[in-house]
Novice: 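Dropping the structure in here first, questions after.
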Amino acid sequence: MTTTLDRVRIPGRPRFGGVFSGDTTSFLVVFGIGALATAFGKLPWWREFLLGGAPESTGDGSALAAVVLVLSGLSARAQLRRGYRWADPAELTWLVSDRVPVLGARVWRVWLGWLLALGYVTALGGVVYDVSTEVWTAVGLLLGGSSALTLAVARRPVETGTAAGPIALAGGGALVALTGPPPVVLSAFGTVLLLAAVVVGWGSGSLLRPVAAEAAGRLELVSAWRERVVRLVAVSFLDPLLMLPSARPVRMRVTSIWRLALAGVLGRRRYAAGAVLIALAAGVARLAFPALPEVAVVAVAAYAALMPFGGGLGELCRGLGLHRWLDERDLRLRAAYALVFAGLALAWALVLVLVVALLGVSFGPAAWLVLPLAAASVLRTASRPPMTYDNLVVTDTPLGQAPVRLITQAIRGPDLGVVGALTLTVSSFGPGPVVVIMALTTWSCLR
């Protein structure tokens, strides 16, 4: 066992995440920065794609401010899960060191990453809308205030408000989109958020010693480390189903397959707040970017909102032993989860209806028709059999060699959803597209 009060670098671990190693990570970073910078050279295309050729100037800039607040709400929801509180159990066992500064520095890295991402989207949206200097100041204050408030709350160990706070931020964005306040009011709101961040952050610890890091115990750190390892393995092996969240215990007596499906959803009810945030984001996107394909907006939003609730079915289909122990026919299992997912899709659709009604926007019939297909795509994704790596069918592509069979297995589920969304987007609404969507939905439920 090694005892030290200084930070120890474990041999073999790359510095700065391997960005300057000259390996694949460096190539991806350089390629990504170049692609992101190129977007600012195609402003006419972005205006046509997002605004439909609308005038470059948009007056008070309330639409951009609403987008910033909604994205800040999504960012806050991700950060307030406090995913930075993890530690390698081997280090906890054999290396007796002060781990609090390591966790404290990780808080700042995660927050800075989200701030840079939101700043990039805000900058691109500002030049697309061609807003005035007053709007730039107001949007900057909103972004800075909401980000600072998120950081202040994330440094505290209190778990209350982790769902209500992000929803309040996104709801503020919807309110801004509805009322269209002048830049002076938006700047005042941003200043209030900054002052609230100062108040909440007072007493949260020093820069590298937040109270939340000091309160983290070994059990929590190791549990979060396990989840992180699973996520890394899922990305490395192109198996996104491994990242589906596990359920928490629920007080419910499971006596049938139908109650099992319901219990799996109730055990993941903590993701209901994320589903509400996504509904708010879809409504604000419809208002701020009227030229975006409405079918794609609803399809992507519904799939992202419902996918975390498919973890129970995913565990049953990945674990063949669990499936055999359950002793239920595959068709009956799919029917039970299809019924539960249909109820979830209906509940989420009601939230979206409320959002678009408050914002004064609407989605066409084709956008609502894609909802059953999105729920069926979640079912098809979660019921995918375990990944096989025996025959990858590697083929040459312009970007290098690609494992075609592995990619085909990875995209099982969203594939039919993409086909249906494209069908509704490129064709006029009528009996033909309705039949196609019904056929794809049925097939997704059965296979």
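Atoms considered below: every heavy atom in the structure, side chains included; atoms not considered: hydrogens, waters and symmetry mates.
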Novice: Would a distance-only check, ignoring hydrogens and angles, find a side-chain to backbone donor-acceptor pair under 3.5 Å from Tyr389 to Phe237?
Specialist: yes
Novice: Assess whether atom CG of Leu219 is packed by more than 12 heavy atoms of other residues, nucleotides or ligands within 6.0 Å.
Specialist: no
Novice: Evaluate the side-chain proximity of Phe189 to Val185: yes if any heavy-atom separation is below 4.5 Å, no if none is.
Specialist: no
Novice: With rounding to the nearest 0.5 Å, note down the distance linking CH2 in Trp86 to CD in Glu227.
Specialist: 13.0 Å
Novice: Quickly, which of Leu69, Leu71, Val70 forms a side-chain contact (heavy atoms from CB on, under 4.5 Å) with Val67? Name it, please.
Specialist: Leu71
Novice: Please report the C-alpha distance between Arg226 and Val229 in whole Å, then the side-chain angles of each, then the deciding distance to 0.1 Å, and finally whether the side-chain contact (heavy atoms from CB on, under 4.5 Å) criterion is met.
Specialist: CA-CA 5 Å; Arg226 291 196 195 101; Val229 170; 5.8 Å; no
Novice: As an exercise, state the distance from CG of Leu195 to OG1 of Thr191, rounded to the nearest 0.5 Å.
Specialist: 7.0 Å
Novice: Would you say the side chain of Pro385 lies within less than 4.5 Å of the side chain of Arg412, judging by non-hydrogen atoms?
Specialist: yes
Novice: Could you tell me if the side chain of Leu244 sits less than 4.5 Å from the side chain of Arg268, heavy atoms only?
Specialist: no
Novice: Given the rule in the side-chain contact (heavy atoms from CB on, under 4.5 Å) test, do Val340 and Phe309 qualify, once you have shown the distances and angles that lead to the verdict?
Specialist: CA-CA 10 Å; Val340 172; Phe309 299 99; over 6 Å; no
Novice: Do you know the tightest heavy-atom contact between Ala288 and Leu51?
Specialist: O-CD2, 3.6 Å
Novice: Would you check if the side chain of Tyr84 reaches a backbone N or O of Ala154 as a donor-acceptor pair within less than 3.5 Å?
Specialist: yes
Novice: Once you measure the plane-to-plane angle for Trp45 and Phe49, does it fall in the parallel (<30°), tilted (30-60°) or perpendicular (>60°) bin?
Specialist: parallel
Novice: Are any of the side-chain heavy atoms of Asp415 and Arg380 separated by less than 4.5 Å?
Specialist: yes
Novice: Nearest 0.5 Å, what's the CG-OH distance between Leu277 and Tyr271?
Specialist: 13.5 Å
Novice: State, yes or no, whether a side-chain contact exists between Cys317 and Ser383 at a heavy-atom distance under 4.5 Å.
Specialist: yes
Novice: Starting at CG of Leu64, measure out to CG of Asp130 and round the result to the nearest 0.5 Å.
Specialist: 11.5 Å
Novice: Can any side-chain N or O of Trp348 pair as donor or acceptor with the backbone N or O of Ala275 at less than 3.5 Å?
Specialist: yes
Novice: On a heavy-atom basis, which atom in Leu186 and which in Pro181 lie closest, and how many Å separate them?
Specialist: CD2-CG, 3.6 Å
Novice: Is the shortest side-chain heavy-atom distance between Arg286 and Leu359 below 4.5 Å?
Specialist: no
Novice: For the residue pair Tyr129 and Phe289, categorise the inter-ring angle as parallel (less than 30°), tilted (30 to 60°) or perpendicular (more than 60°).
Specialist: tilted
Novice: Applying salt bridge (Lys or Arg N to Asp or Glu O under 4.0 Å), can you list everything that pairs with Arg209, at least two apart in sequence or on another chain?
Specialist: Asp98, Glu214
Novice: Which heavy atom of Ala215 sits nearest a heavy atom of Pro157, and at what distance?
Specialist: CB-CB, 4.1 Å
Novice: Please step through side-chain hydrogen bond (donor to acceptor under 3.5 Å, both in side chains) for the pair Thr93 and Arg218, ending with a clear verdict.
Specialist: CA-CA 10 Å; Thr93 302; Arg218 178 187 176 91; 3.1 Å; yes
Novice: Check whether any side-chain heavy atom of Thr381 sits under 4.5 Å from a side-chain heavy atom of Pro414, and report yes or no.
Specialist: yes
Novice: Can you measure from CG (Leu339) to CG (Leu379) and round to the nearest 0.5 angstrom?
Specialist: 11.5 Å
Novice: Between Leu115 and Leu151, is the side-chain contact (heavy atoms from CB on, under 4.5 Å) condition met? List the steps.
Specialist: CA-CA 10 Å; Leu115 181 61; Leu151 175 64; over 6 Å; no
Novice: If you take all heavy atoms of Pro372 and Trp368, which pair is closest and at what distance?
Specialist: CD-O, 3.7 Å
Novice: Just do the side-chain contact (heavy atoms from CB on, under 4.5 Å) check on Phe341 and Leu306 with the steps written out, would you?
Specialist: CA-CA 8 Å; Phe341 289 160; Leu306 300 181; 5.8 Å; no
Novice: Sort out for me which residue in Arg318, Gln409, Arg384 forms a side chain to side chain donor-acceptor pair (under 3.5 Å) with Asp239.
Specialist: Arg384
Novice: If we only count heavy atoms from C-beta on, is the Pro183 to Thr137 side-chain gap below 4.5 Å?
Specialist: no
Novice: Ring centroids only, cut at 6.0 angstrom: are Tyr120 and Phe40 within range, meaning strictly under it?
Specialist: yes
Novice: Quick check against the 3.5 Å criterion: does Arg99 have a side-chain atom that pairs as donor or acceptor with the backbone of Leu92?
Specialist: no
Novice: Output the distance between atom CG (Leu232) and atom CG (Leu242), rounded to the nearest 0.5 Å.
Specialist: 11.5 Å
Novice: Measure across Ala345 and Ala375 and return the closest heavy-atom pair with its distance rounded to 0.1 Å.
Specialist: CB-CB, 3.9 Å
Novice: Which residue is it: Leu103, Val110, Val107, Val153? I am looking for the one with a side-chain contact (heavy atoms from CB on, under 4.5 Å) to Arg82.
Specialist: Val153
Novice: For the backbone of Gly126 and the side chain of Trp136, can you confirm whether one donor and one acceptor N or O come within less than 3.5 Å of each other?
Specialist: no
Novice: Validate the cation-pi geometry between Arg155 and Trp111: distance from NZ or CZ to the six-membered ring centre under 6.0 Å, angle to the ring axis within 45°.
Specialist: no
Novice: Please name the pair of heavy atoms, one in Val127 and one in Arg47, separated by the smallest distance, quoted to 0.1 Å.
Specialist: O-NH2, 2.8 Å
Novice: Taking Glu220 for its side chain and Arg85 for its backbone only, find out whether a donor-acceptor pair lies under 3.5 Å.
Specialist: no
Novice: So does Leu74 get a backbone contact from the side chain of Arg77, meaning a donor-acceptor N/O pair under 3.5 Å?
Specialist: no
